[in-house]
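We name chains A, B, ... by the order of the sequence lines, and we start the count at 1 in each one. Reckoned from all heavy atoms, side chains included, excluding hydrogens, waters and symmetry mates.
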Number of protein chains: 2
Amino acid sequence: MSGRAAARATAAPSTSSRLNIISIVTDDQAPWAMGASGNQEIRTPNMDRLAREGARFVNAFVSTPVCSPSRASFLTGLYSTQLGITDWISPQEADAGLGLPPGVVTWPEILRQHGYATALVGKWHLGTKPQFHPRMRGFDHFFGFLEGGNRPMNPTLEVRGSNQTLKGSLPDLLTDDALRFVEAHRSQPFALLLHFRAPHMPFGPVPEQDQASVKGLDPSIPSVPGLDVEQVKEATREYYASVHSIDRNLGRLLEKLEQLGLDDKTIVLFTSDHGYNLGHHGLWSKGNAFSITGGVRGPTRPNMFEESIRVPLLIRWPGVVEPGTAIERMVTQVDTLASVLGMLGIPLPEALRQEGRDFSQLLRGELSDWPTTVFGQYDLHNSGLAYMRMARTAQWKLVRHYYANFLDELYHLEKDPTEMTNLYRNPEYQQIRQELEGQLLEWQRSIGDPVLSRSPQRPWH
Amino acid sequence: MSGRAAARATAAPSTSSRLNIISIVTDDQAPWAMGASGNQEIRTPNMDRLAREGARFVNAFVSTPVCSPSRASFLTGLYSTQLGITDWISPQEADAGLGLPPGVVTWPEILRQHGYATALVGKWHLGTKPQFHPRMRGFDHFFGFLEGGNRPMNPTLEVRGSNQTLKGSLPDLLTDDALRFVEAHRSQPFALLLHFRAPHMPFGPVPEQDQASVKGLDPSIPSVPGLDVEQVKEATREYYASVHSIDRNLGRLLEKLEQLGLDDKTIVLFTSDHGYNLGHHGLWSKGNAFSITGGVRGPTRPNMFEESIRVPLLIRWPGVVEPGTAIERMVTQVDTLASVLGMLGIPLPEALRQEGRDFSQLLRGELSDWPTTVFGQYDLHNSGLAYMRMARTAQWKLVRHYYANFLDELYHLEKDPTEMTNLYRNPEYQQIRQELEGQLLEWQRSIGDPVLSRSPQRPWH
């Protein structure tokens, strides 16, 4: 195995020996909603199979906990503020001309330059104007939708350039197209990005067989006073059913790879665009979660809680990754570009600006001086206002809230994994706070973080 | 009565005929916490007496629902953004030099120029640096505290220029000094501002007799799912006891006026710096209220709910106001400067910039083309970020949240007095929305609202 890896690293592989890559990104799926992470209630046999046959990153994070900026980071290796996309792109913003800046390179674009057939099947949510269209941003083929939203059943999708309303469930329809793409490109290197919208709200309707996966389930939910227990359990069942609809389609895809004899020649990467709170901390949703302890939708809690920033990350890299590997080192989705290129043996373009680290070395089981801190950011401007910056180590999480005076957070993740006790102003922890603040500041400077140069809005300044 | 009023309006009164004024401002007291507003559980006999002997404004509002900016508006007739004080002044901000701008005129300053002895007894919270000291801002006498906080029992107070820790309850100690001031100035026109910190948190401890006022009380609390009913009831009892401690001291003051024969020569104005939510909407506190439906302190809900912006406003104006008058017209605390001068027969200084209307005409029972819309604003930057602007009529409330995309609010107060149904995006109500937005914009322009010229922080602009 390591022989093959070494060979790939030293010699530019010929076209025929090149591995394909399939990137599967789910929408709003926290790792707590996956069997492979230890959840014994949800049914995700195919995700679990990927974990068994490949590697599972135990500590995979996003750098920003909502959809559009996270997807943009995933594709470019840049942080959201570097891309000018810092919250989910609203329809109004899309109409006003917000999208993934045309000057920024995506990794499918680089793969295409190296002879890969590239496809985006599913969700884009990085601009609706013509200059942002996936076909302008590195994809030969697009079947899906440009906006953030769609119906789980009988959706309207862009098919060969025009919108059609199709019959069936969204994950099934997307997977149908993915299978067609794989079939059609079986003999050439391809990069297929199959980006689901499930398990995003609305969770249903889902096909009968996915509903059946939660029938009679009495799911465990977070123990938080004031939750409407029945409502949260019902939502959890629906969420699980939606995850199951992905898992089932993931199974179809893995089976197709087997049938075509491509499973040995295809890297499969499975992740999500960020995590999710479903009652955790009394909240519902992601980085812009809102309180649900009062029986009604309550105030927004801009947050970088573990539930929001952790994602599943499974990589089956045939012939290289030891099956069933668990990787503890912390990675973020900003590392994806460098790592995909690393896995495929494609050098990083020299002039390319990107912020990620190539985690293919971790997948090869190589020792490395891997960073021990990951950084995150989120500028909320849709359902409230917040300008958060995060530094997280294995033990600690610092969250700074720019322009607001008294919201900064420091958690001792080892002693306080549910982040209940904010130590930011606790005199005992000022040394670690300062150390993390120093690291955070250094990172912010390195990415040209606008909050450092923009003056606070407090009028007395 | 109206004869006297007319005389006062036409001729400048001689010093001996001048009325005194006592301004009592409580801290965080919503009108729902006053017997005169219809609460049958709280015991406020002296507030009720004032309402009986004078006028009660049924629709009195603040223009901003937290402490420092509200107090600043009350004293100057200007809106908070015009003063550069838009949230409560934090200790750090006070240290950095934030305070009521020295160039801005307060109404006690004007009264002093007209021969009044002026005193602030109690809370200032408009700057701690020497240039902001009450003695620099219109007050001959100051007994109280410069910061926002203090202890309800055995507080530290500034007495003749130096800090002393005194024995006793804060409202009692302040009232003791107020009584001394009234005694000492019985023979000359005086303006006494007795500005309590009660019923601000911590509500207690309060003296035994105030505790007795809530003994055995099972208070009504808002019907909101997820509230910790016992906690809210206990807090309500404590809040009521704290209000009682003011009421009892108000009684002492009214009695002293009687004893000295000053009750007929003294206008008594009673109000609060803003309202309060104690479980209302599932929240606790004022414009920066936080969710309490989850058993723990939840996210901040920046708000202009009725509970936050409504205040008690009672005015006993002997010889002019018909006892037991209820005034429906809407006023805000920005009107105070013009109205105090109006009641005392002192003309507004010609060059003075102020935004209020003189409501003494309403107190005289005169017909008037009184404005039918009140405006409000709140820039939250301590416990979150928000830039709210409000237009409120008898029927409607519009709240715009600047820089945030999807938070704007429109309530039909007549049909929906508890503000549960946000109609902002409801197609049926776009006409009223536009009309209110037009009024709001006109007002914002008139006060030079900084949110109109400051560009939003969204990087894509």
**Student:** Which one of Pro299(A), Gly226(A), Ala386(A) has the most heavy-atom pairs closer than 4.5 Å to chain B?
**Tutor:** Pro299(A)
**Student:** Looking at Arg297(A), I want to see if its CZ is surrounded by more than 12 non-hydrogen atoms of other residues, nucleotides or ligands under 6.0 Å.
**Tutor:** no
**Student:** Which is it for Phe406(A) and Gln92(B) under the side chain to side chain contact (heavy atoms under 4.5 Å, CB included) test, yes or no, and what are the steps along the way?
**Tutor:** CA-CA 11 Å; Phe406(A) 299 112; Gln92(B) 291 89 324; 3.5 Å; yes
**Student:** So how far is it from Leu385(B) CG to Leu407(A) CG, rounded to the nearest 0.5 Å?
**Tutor:** 7.5 Å
**Student:** Below 4.5 Å, heavy atoms only, C-beta onward: do Arg301(A) and Thr300(B) meet side chain to side chain?
**Tutor:** no
**Student:** Heavy atoms, side chains only, cut-off 4.5 Å: are Ser291(A) and Thr293(B) in contact?
**Tutor:** yes
**Student:** Are any of the side-chain heavy atoms of His281(B) and Val296(A) separated by less than 4.5 Å?
**Tutor:** no
**Student:** Taking every non-hydrogen pair under 4.5 Å, which of Pro225(A), Gly282(A), Gly298(A), Gly295(A) racks up the most with chain B?
**Tutor:** Pro225(A)
**Student:** Measure across Ser90(A) and Asn405(B) and return the closest heavy-atom pair with its distance rounded to 0.1 Å.
**Tutor:** OG-ND2, 4.2 Å
